[in-house]
Enquirer: 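For reference, the structure I am asking about is given below.
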Amino acid sequence: MNAVTTIAVPRQQDLAAVEVVRVEANLGAEVRGLDLTAPITPEVSDLLRRLLWEHQVLFFRDTGIDNAQQAAIGRVFGPPVADSIAKRSGIKDEDIRPMDTGPYANAYYGTPWHADATYLEQPYLVSVLRSVIAPELGGDTVWSSGISAYEALSPEVKEKIDGLTAIHRPNSKAYKLIDDKSELDDYLHQYSGVQHPVVITHPHNGKKVLYVNEGFTEELVGLPADEGRELLAHLKQQFSRPENQVRFKWRPGSLAIWDNRATQHKGVADYGDQQRQLVRVVAAGERPSR
């Protein structure tokens, strides 16, 4: 049974309360009754941050918001950042660009497990994703908790990975999205690999997070190659465990806000030639630390 809590909302929103409905045991909550089309007050900003650091991913239905209002929500968590590949095409941090997947795109976005842009020295702190066009069937997004993934590891594995770092590269994404070979070579040279701790401490709730992902984490530093590959594969597998996951069915106007430090996610590419359009805003973060 879902646990429902009632939280007072500032009267400026003309709401007496919002409902926060837990979706799964380890992460995810649906927020109901919060008018996201209204100006974001300091009180609402505090509420959103507090809920996100607790639940790791927040879901909203029928928001009615536009691009500018979505951008304002993103700024609750930090300044906007443009995707590193989009920047090469002149996209600025403040720009918002829809992501089309399905019949009007060359490839599905985000199908491997990944946290957004961990190949950067300062990966995004928070991502805000809104559905504009949703397929009738399929096209869900699944999130997995790095907090519960870490907590479920054996004491022996926790001891082994304590202090280790891993190299993150954007190769899989770049090969999919950059067609020109010279542009691809230049991009891969620019983003040739960054090291992050295998276990980080969340900057806002102090919890330990397993910080490796299928999409961008390519090797563990300081271990023999075979041992490193085996251990990294074991760590990545933790995110495929159902008890660490929450799944969301998109409808037009739906919104998801997720903690890019605590979670990773993947799009489910099961919607054939149906159109699917999402708009993403991301907020900058500091470099992850132990």
Side-chain angles (χ1 to χ4, degrees), residues 2 21-31 55-63 70 83 85-86 96-119 124 126-146 148-149 170-179 210 212-218 233-260 262-282:
N2 289 332
V21 182
R22 291 282 298 274
V23 179
E24 294 292 351
N26 286 316
L27 78 166
E30 182 175 340
V31 181
H55 296 289
Q56 306 173 53
V57 56
L58 304 177
F59 304 117
F60 303 80
R61 294 291 189 186
D62 304 317
T63 61
Q70 183 178 349
D83 183 87
I85 290 179
I96 297 176
R97 185 180 65 164
M99 298 186 297
D100 286 293
T101 56
Y104 304 108
N106 293 325
Y108 290 109
Y109 275 83
T111 50
W113 282 110
H114 67 288
D116 286 332
T118 61
Y119 51 85
Y124 313 145
V126 169
S127 296
V128 182
L129 194 64
R130 173 170 56 96
S131 175
V132 179
I133 301 172
E136 181 178 352
L137 297 173
D140 299 355
T141 300
V142 188
W143 284 264
S144 191
S145 170
S148 59
N171 296 19
S172 59
K173 174 182 177 181
Y175 279 109
K176 182 181 291 186
L177 297 180
I178 302 177
D179 295 325
L210 183 60
V212 299
N213 65 82
E214 179 186 11
F216 304 127
T217 312
E218 295 196 346
H234 174 71
L235 297 176
K236 290 178 179 179
Q237 287 170 0
Q238 305 311 305
F239 294 93
S240 297
R241 295 174 59 173
E243 62 267 31
N244 294 329
Q245 297 176 4
V246 63
R247 184 166 177 149
F248 187 61
K249 171 66 179 176
W250 294 102
R251 299 197 298 259
S254 298
L255 186 80
I257 305 173
W258 68 90
D259 182 338
N260 200 50
T263 69
Q264 54 185 261
H265 58 283
K266 67 177 296 182
V268 182
D270 61 348
Y271 49 100
D273 62 355
Q274 300 176 82
Q275 189 178 6
R276 178 178 184 262
Q277 186 182 89
L278 303 167
V279 175
R280 188 185 69 169
V281 172
V282 294

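On a predicted model such as this, the values are computed, not experimentally measured, just so you know. Sequence positions, counted from 1, serve as the residue numbers for this chain. No hydrogens, no waters, no symmetry mates; every other heavy atom, side chains included, goes into these values.
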Enquirer: Look at the side chain of Q245 and the backbone N and O of E24, then say whether any donor-acceptor pair between them is shorter than 3.5 Å.
Expert: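 No.
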Enquirer: Run the salt bridge (Lys or Arg N to Asp or Glu O under 4.0 Å) test against E30 and tell me which residues pass, sequence neighbours left out.
Expert: R32
Enquirer: With rounding to the nearest 0.5 angstrom, report the CG to OG distance, N213 to S144.
Expert: 11.0 Å
Enquirer: Would you find a donor on one side and an acceptor on the other, under 3.5 Å apart, between the side chain of K249 and the backbone of G139?
Expert: no
Enquirer: Of the non-hydrogen atoms in P112 and G215, which two are nearest, and what is the gap between them?
Expert: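 Distance-wise, the nearest heavy atoms are CB-CA, 4.2 Å.
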Enquirer: Are the side chains of R276 and Y271 in contact, using a 4.5 Å heavy-atom criterion?
Expert: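 Yes; the side chains approach each other to less than 4.5 Å.
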Enquirer: State, with a plain yes or no, whether a side-chain heavy atom of Q274 is found less than 4.5 Å away from one of I133.
Expert: no
Enquirer: For A256, what residues pass the side-chain contact (heavy atoms from CB on, under 4.5 Å) criterion, not counting sequence neighbours?
Expert: F59, W143, W250, W258
Enquirer: For the side chain of H114 and the backbone of H265, is there at least one donor-acceptor N/O pair under 3.5 Å apart?
Expert: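 Checked: pair present.
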Enquirer: Report the C-alpha separation of F239 and L210 in whole Å, then their side-chain angles, then the decisive distance to 0.1 Å, and conclude whether the side-chain contact (heavy atoms from CB on, under 4.5 Å) test is met.
Expert: CA-CA 9 Å; F239 294 93; L210 183 60; 3.7 Å; yes
Enquirer: Which residues pass the side-chain contact (heavy atoms from CB on, under 4.5 Å) test with A262, sequence neighbours left out?
Expert: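 A262 satisfies side-chain contact (heavy atoms from CB on, under 4.5 Å) with Q56, I147, H202, D259 once adjacent residues are dropped.
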Enquirer: At their closest point, which heavy atom of I257 faces which heavy atom of F60, and how far apart are they?
Expert: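 Smallest interatomic distance, heavy atoms only, reads CD1-CE1, 3.7 Å.
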Enquirer: Could you tell me which non-hydrogen atom of V279 sits nearest to which non-hydrogen atom of Q70, and how far apart they are?
Expert: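 Between these two residues, the closest heavy atoms are O-NE2, 2.8 Å.
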Enquirer: How long is the straight-line distance from CG of L255 back to CG of L278, given to the nearest 0.5 Å?
Expert: 10.5 Å
Enquirer: Looking at side-chain heavy atoms only, is the closest gap between R22 and H55 below 4.5 Å?
Expert: yes
Enquirer: Counting N and O atoms only, with roles assigned by atom type, does the side chain of T63 sit under 3.5 Å from a partner on the main chain of G253, one being a donor and the other an acceptor?
Expert: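 A pair under 3.5 Å: yes.
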Enquirer: Check whether any side-chain heavy atom of W113 sits under 4.5 Å from a side-chain heavy atom of T217, and report yes or no.
Expert: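 In short, these two side chains do not touch, never coming nearer than 4.5 Å.
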Enquirer: Heavy atoms only: give me the nearest V132-P252 pair and the separation to one decimal.
Expert: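 V132 and P252 have their closest heavy atoms at O-CB, 3.7 Å.
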Enquirer: S148: which residues meet the side-chain hydrogen bond (donor to acceptor under 3.5 Å, both in side chains) condition with it, sequence neighbours left out?
Expert: S145, N244
Enquirer: Does D116 use its side chain to pair, donor to acceptor, with the backbone of Y124 at less than 3.5 Å?
Expert: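 Pair absent, no side-chain N/O of D116 close to backbone of Y124.
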Enquirer: What are the two closest non-hydrogen atoms of D270 and G138, and how far apart are they?
Expert: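 In this case the closest contact between D270 and G138 is OD1-CA, 3.2 Å.
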Enquirer: Can you pull the salt bridge (Lys or Arg N to Asp or Glu O under 4.0 Å) pairs that have at least one residue in residues 128-142, sequence neighbours excluded?
Expert: D140-R247
Enquirer: Starting from the C-alpha separation in whole Å, work towards a yes-or-no answer on side-chain contact (heavy atoms from CB on, under 4.5 Å) for V212 and Q264.
Expert: CA-CA 9 Å; V212 299; Q264 54 185 261; 5.7 Å; no
Enquirer: R241: which residues meet the salt bridge (Lys or Arg N to Asp or Glu O under 4.0 Å) condition with it, sequence neighbours left out?
Expert: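 Scan of R241 (salt bridge (Lys or Arg N to Asp or Glu O under 4.0 Å), adjacent residues dropped) gives E243.
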